[in-house]
Amino acid sequence: MFTWIKRFTVVVLLLLLIGTAGIYGALALSLPALDGKGSAVGIDAPVVLARDALGQAVVSASSRADAAYGLGFAHGQDRYFQMDLLRRNAAGELSELFGAAAIKRDEKMRFHQFRKRARQIVMSLPQSHKQILTRYTQGVNDGRIQSGFTSFEYLLLGTEPQAWRPEDSLLTIFGMYLDLQAGTYERDEALIVLEQKFGHEMLGFILQPSRYQAALDNSVIDSAVATIPTLPQPLSTYLPSAIADQPLYGSNNWAVTGALTKTGAAMLSDDMHLGLNVPSIWYRAQLNYQHQGQAVQVTGVSLPGAPAIVVGSNNSIAWGFTNSYVDTADWVALAADTKTQLISEVIKLPDGSEHIYQLEMSAFGPVKQIGDDKYALSWVAHQPYAVNLELVGMELLADAAAAATHAVKVGIPVQNLMVVDNQGAAAWTLMGAVPARKVTHDTAAMRSYEQTWQENEVSRPVVQNPSNGKLWTANSRVVSVEDDQRFGDGGYALGARAVQIRDGLMAKQAFTENDFYQLQLDNQALFLAPWHESLVDLLRHHEPSQYQQDLAKLDAWQACACADSVGYTLVKYYRSALIDTLFAPIEAGLQQEQLSLKPVKRYLEPGLWQLLTHQPDDWLGQYDSWQDLQLAAYELAKQRLRDAYGSNMAAWRWGEVNALRVQHPFSQQIPMLSGLLDMPTVPAFGDTFMPAVQGSAFGASQRFIAQPGHLKNAILTVAGGQSGHPLSPFYRSGFAEYSAGSNTPLLPQPLTHEIRISPQ
């Protein structure tokens with residue numbers, strides 16, 4: 001008997017070893033080559049693609065078009081599946097890979113018809129940009145097929161990759177519109193129903209200005225304290241449900257002029273906040289080419305799928321972005337007799353069958369039923385000027401003033417451009433597509449349509465070389481009060497992060513790269529300090545003996561989002577539970593329309609404190625006093641922690657509760673692949689409402705600091721490796737430095753690999 005068990009065990013182990021060897025063998029076959037020579041049709045002169053120890057791609061070519069080929073080749077080798085997902089997501093074509101489970105998401109994307117719009121824009125591009133796009137597309141396809149073996153993602157899905165097309169590069173940019181601006185029209189959608197169900201007074205209460213304001217001109221929107229509205233139904237009829245936090249796709253950036261640096265060059269800091277996945281959204285690259293007889297070198301991060309350096313430096317200027325959150329979308333209320341038409345969108349499935357999605361269209365945009373009425377979405381992403389390749393033009397500019405002027409031409413989701421130059425100048429302006437319509441709306445009160453939606457706004461605010469030498473943005477209002485009335489609120493951040501950055505800059509009069517890096521990593525809990533004080537006061541005035549352990553943790557909270565702080569976790573969870581408790585009836589009313597307070601949750605801070613200060617009886621519901629309500633919210637917070645992390649309070653350390661888990665899409669569905677595909681889990685080092693933004697799968701996707709003309713000291717740290725292939729030496733390169741709060745250099749280090757591609 002024992003012999004047979006032993007033999008069976010040996011057979012099973014052998015099969016596992018053979019299976020594992022087979023998997024690794026298949027993976028190894030699809031590894032891209034890092035060295036060698038080849039040829040390609042369509043390039044004008046030899047293109048060299050080299051890589052350093054981090055896997056940073058260094059492309060050398062005779063022209064910008066040929067450099068685009070080299071960048072495309074690198075993207076195709078290292079990131080093709082990621083690019084495929086980006087284009088398919090924006091186009092609403094994921095069902096073709098993943099089957100019926102993706103139909104609802106594809107329908108949501110088909111609402112925007114981005115594939116159709118991308119094709120139209122490609123046809124209208126100037127010839128020089130078409131050439132860049134054509135060469136890039138050719139490079140992507142050549143790079144993808146170079147290994148000669150299908151990558152593991154397609155093997156797991158049982159499908160074959162489809163060739164890249166020029167329009168697909170524009171779809172990747174449309175994908176950024178979805179990340180950066182979908183919250184704008186979702187916000188307005190929630191506000192429409194909020195006003196319908198709870199009245200204009202409730203709308204004003206929710207949207208009252210925050211005390212956290214850090215506009216560049218120090219202007220303050222100061223309105224009368226809003227009236228606390230009466231709730232239509234008692235709170236007792238609703239149980240608190242967790243109102244999710246909406247990831248604030250945004251970023252921090254700031255700059256100082258050369259008067260505040262030792263070199264005399266201005267200095268820039270930029271960290272873009274996005275979802276953190278494997279592979280990282282950004283791809284490190286340096287392009288070297290000739291333009292009108294002059295050598296051009298630009299270094300930074302690119303977006304796999306697009307032929308531009310998104311954030312970086314050409315050694316004369318350096319630039320970075322934060323999402324502006326000015327208002328770029330309006331819902332147009334349609335009259336009963338408004339003419340519309342139905343368009344059939346065909347969604348393909350892996351088995352060859354098709355699903356038909358009926359899209360209702362109007363002259364103002366795609367149509368949706370919101371509450372009681374039909375509305376058309378007029379969104380800047382639907383306009384012909386939304387996407388182009390003018391970002392490439394930044395590579396040739398010599399000073400900050402020229403970059404600020406160029407900003408109006410660039411077709412990307414409108415950003416806060418922060419740009420500095422080697423002569424010491426610094427500037428901020430709005431870069432990207434902005435509709436020229438003159439009136440913005442929080443809700444769809446409008447029943448008319450401004451034809452200027454069809455035009456890109458050319459008049460933009462600009463701030464250059466302020467007297468104090470300091471500029472900053474962090475997704476809250478940057479513009480003056482007057483300009484805010486013109487450009488509108490498209491979902492601004494609360495402002496606490498911007499205030500903390502501004503005050504950090506104001507505390508010093510001289511800066512180095514290390515000073516900027518430490519400010520990027522600032523995790524002081526200044527925003528939560530009043531909440532900490534309020535919670536401690538609540539527990540001490542109840543029965544201190546009941547909460548003795550809690551108070552000890554709160555006393556030792558360290559006033560930061562520190563990994564070993566339990567007190568920070570208690571304060572954070574208490575505030576969230578209090579929001580869920582107080583706003584439960586409003587959330588329930590929105591959920592009846594498949595909506596939520598989620599897109600406007602960050603607006604609730606002023607009203608929350610107003611309720612705690614005035615304590616209106618009609619908001620108490622089932623509770624006898626406000627102390628009882630607050631204690632119930634605190635107990636709800638603790639119950640949520642017990643449910644998720646166990647009853648031992650020591651396990652509630654912020655480092656565990658908010659641990660950084662950067663995962664591959666496949667391991668999220670197949671956990672057994674986690675060890676092969678995911679980045680190491682890292683204890684938390686940040687949170688929201690502070691410069692060190694970090695969630696479990698969200699945060700600073702890169703950290704960039706540069707003084708043009710002095711790039712040897714420049715920093716570029718990315719939240720993940722270069723390659724999407726798990727056996728590549730570059731799969732996790734740089735992640736350890738990112739997660740530890742150390743840094744990697746912007747400029748390539750000694751080159752270790754080279755591919756030379758000659759014209760065929």
Side-chain angles (χ1 to χ4, degrees), residues 178-191 194 206-207 210 212 240-252 272-277 322-323 325 474-476 489-498 500 523 525-528 531 561 568-584 586-588 590-591 594-609 633-634 636-637 639-641 643-645 652 654-663 668 684-701:
L178 291 166
D179 279 348
L180 301 176
Q181 291 187 6
T184 295
Y185 64 76
E186 290 171 353
R187 165 192 179 272
D188 289 0
E189 188 178 358
L191 293 177
L194 182 75
I206 296 293
L207 292 181
S210 162
Y212 296 100
S241 60
I243 304 170
D245 292 314
Q246 187 169 47
L248 189 69
Y249 294 106
S251 316
N252 304 321
M272 297 182 283
H273 306 155
L274 296 163
L276 303 181
N277 299 289
T322 71
N323 200 28
Y325 282 101
N475 311 123
S476 57
D489 180 354
Y492 284 143
L494 175 66
R497 183 162 38 95
Q500 195 161 330
N523 66 354
L526 302 184
F527 170 76
L528 283 183
W531 286 105
Y568 182 90
T569 305
L570 293 174
V571 176
K572 170 86 173 186
Y573 269 64
Y574 166 63
R575 177 180 177 271
S576 293
L578 189 60
I579 290 174
D580 295 341
T581 301
L582 284 170
F583 291 92
I586 302 171
E587 176 69 4
L590 291 177
Q591 286 185 0
Q594 288 74 54
L595 297 171
S596 171
L597 277 170
K598 175 181 173 180
V600 295
K601 185 176 179 180
R602 57 183 172 270
Y603 289 81
L604 300 180
E605 183 73 2
L608 196 55
W609 280 108
Y634 181 61
L636 174 61
Q639 186 59 51
R640 288 173 173 174
L641 286 165
D643 291 344
Y645 305 101
W652 301 355
W654 185 243
E656 300 301 318
V657 171
N658 194 47
L660 180 63
R661 295 179 174 87
V662 182
Q663 294 184 280
Q668 294 174 27
F685 50 83
D687 192 19
T688 51
F689 305 124
M690 58 183 61
V693 170
Q694 183 254 310
S696 60
F698 181 84
S701 55

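Quick caveat, the model's predicted, so the values are computed rather than measured. We're numbering straight along the sequence, starting at 1.
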Run the numbers on F698 and T688 for side chain to side chain contact (heavy atoms under 4.5 Å, CB included), then give the verdict. CA-CA 10 Å; F698 181 84; T688 51; over 6 Å; no
Main-chain N/O of [Y] paired with [X] side-chain donor or acceptor, under 3.5 Å:
X	Y	value
S701	M272	yes
W654	L570	no
Q694	G699	no

Kindly compute the distance separating [atom1] ([X]) from [atom2] ([Y]), expressed to the nearest 0.5 Å.
X	Y	atom1	atom2	value
L274	L276	CG	CG	8.0 Å
Y634	Y574	OH	OH	10.0 Å
W652	T569	CH2	OG1	9.5 Å
Q668	N277	CD	CG	6.0 Å
I243	I586	CD1	CD1	8.5 Å
R575	L604	CZ	CG	8.0 Å

Which heavy atom of [X] sits nearest to which heavy atom of [Y], and what is that distance?
X	Y	result
A493	S476	O-CB, 3.5 Å
L178	A182	O-CB, 3.1 Å
A242	D580	CA-OD2, 3.4 Å
N658	S696	OD1-N, 3.5 Å
G490	T184	O-OG1, 2.7 Å
A577	A633	CB-O, 3.2 Å

Under 4.5 Å between any side-chain heavy atoms of [X] and [Y], yes or no?
X	Y	value
L207	L191	yes
N323	H273	no
Y568	N523	no
Y212	L526	no
D687	V693	no
M690	L528	no
R602	N475	no

Between the side chains of [X] and [Y], is a donor N or O closer than 3.5 angstrom to an acceptor N or O?
X	Y	value
E605	W609	yes
Y603	D489	yes
Q591	S596	no

Under the side chain to side chain donor-acceptor pair (under 3.5 Å) test, which residues partner Y573, sequence neighbours left out?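 Counting only residues at least two positions away or on another chain, Y573 forms no side chain to side chain donor-acceptor pair (under 3.5 Å).
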Which class fits the ring pair F527 and F689: parallel under 30°, tilted 30 to 60°, perpendicular over 60°?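 The arrangement is tilted - the two ring planes meet at 30° to 60°.
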For L590 and K598, what are the C-alpha separation, side-chain angles and deciding distance, and is it a side chain to side chain contact (heavy atoms under 4.5 Å, CB included)? CA-CA 10 Å; L590 291 177; K598 175 181 173 180; over 6 Å; no
